[in-house]
Amino acid sequence: MTAEPVIDTQDPTVAAVVPPTVRASLSPSRAADFKTCPLLYRFRSIDRLPERPTVEQARGTLVHAVLERLFDLPAGARTPQSAGDLVAPQWDRLVTEQPELATLFAEDDTAGVAEFLRSAAGLLEGYFAVEDPRRLEPAEREALISAVVDEELLIRGYLDRLDVAPDGALRVVDYKTGGAPREAFEARALFQLKFYALVLWRTRGVVPRVLRLLYLKDAEVCDYSPDAEELLRFERTVVALWQAIEQATERRDFRPRPSRLCDWCSHQAICPSFGGTPPPFPTAGDGDPLTDARSRPAAPGADE
Ligand code: SF4
């Protein structure tokens, strides 16, 4: 099994340049979808069915945006007040860029929007309870990172934040803003962080010292330290997962796997586990994941 560095940049136009051997790409979110429920993977990655954003996802995207901008400020100015001041302008920017977000609230529902903005500010309080951003200088924020594994598979995704210590040690930080029970999503979150750790190891030759989940709602930190052997095993898991996806695609066989996560699934109405019928399988090239190597993975916070 081989891997080579490809891209480590925030520039998606550079990210579009991938080696000709690459046949497909996989992001941690989509890989986790398949692990969670193959049919969910199909609906999202092959059928590409739209999912109406939820208030919770929008709040996650907003909080991620604020935390990214916060580090644009000089260190001494990164206060709870400054973060709070960023909430409304960042929401306005997001709504301009993603007009579908505006549909979450009725046009005249100013009280609903105000409550939503207050709830985002509440999550930021959770952030300040666990970190002091005045003492941090992140090396990267919302960075698109990628590597090729097994010569044909591009693995990539957006890191929320990467901290580099003076001795070169790496810490990958992921902000979790969801209100769903943590235990329902913790395995998925750790899978995502190991995915980033694997990319960093393969591109920089350094195993990240810490993978950190910051649970903003609970103001809690969850640290995990991987080692090279574990990442090697994880790499094999990712490749095996991809082979399983290829096989399922060839056979057009993506089965539902009901779990607690069904409560957060947008596709119950067309899921056989809930009495629904999936749409006909798309024809080749129509959302075929093997031709997906150059599309843009979901941005941080979009998958909360
Ligand atoms: S409702 Fe559950 S079983 Fe059905 S597609 Fe969604 S996650 Fe899978």
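Both ligands and their constituent atoms are indexed starting at 1 by order of listing.
Residue contacts with ligand 1 leave out His267, since none of its heavy atoms falls under 4.0 Å from the ligand.
Between Trp91 and Phe105, the ring-plane angle classifies as perpendicular under the 30° and 60° cut-offs. The aromatic rings of Tyr127 and Phe71 lie perpendicular to each other, with more than 60° between the two planes, well past the 30° mark.
The protein atom (non-hydrogen) at minimum distance from atom 8 (Fe) of ligand 1 is Cys37 SG, 2.3 Å. For atom 6 (Fe) of ligand 1, the closest non-hydrogen atom of the protein is Cys265 SG, 2.4 Å.
A donor-acceptor contact shorter than 3.5 Å is absent between the side chain of Ser45 and the backbone of Arg42.
Ion pair Glu100/Arg52 not flagged as a salt bridge, since none of the NZ, NE, NH1 or NH2 atoms sits closer than 4.0 Å to an Asp/Glu carboxylate oxygen. A salt bridge links Arg202 with Glu235: the closest approach of a Lys/Arg side-chain nitrogen to an acidic carboxylate oxygen falls below 4.0 angstrom.
Less than 4.0 angstrom separates some heavy atom of Phe274 from each of these atoms of ligand 1: 1 (S). Of all atoms in ligand 1, listed by their number and element, those nearer than 4.0 Å to a heavy atom of Pro258 are 3 (S). The atoms of ligand 1 that sit less than 4.0 Å from any heavy atom of Pro256 are 3 (S). Applying the 4.0 Å criterion to heavy atoms of Gln268 picks out, from ligand 1, the atoms 1 (S).
Checking Cys271 against atom 4 (Fe) of ligand 1, an N/O/S atom falls under the 2.8 Å cut-off. With a cut-off of 2.8 Å, atom 8 (Fe) of ligand 1 has no N, O or S atom of Cys262 in range.
Looking at every heavy atom in both residues, Pro28 comes nearest to Phe191 through O-CE2, 3.9 Å.
Contact check for Leu153 versus Ser25: no side-chain heavy atoms found under the 4.5 Å cut-off.
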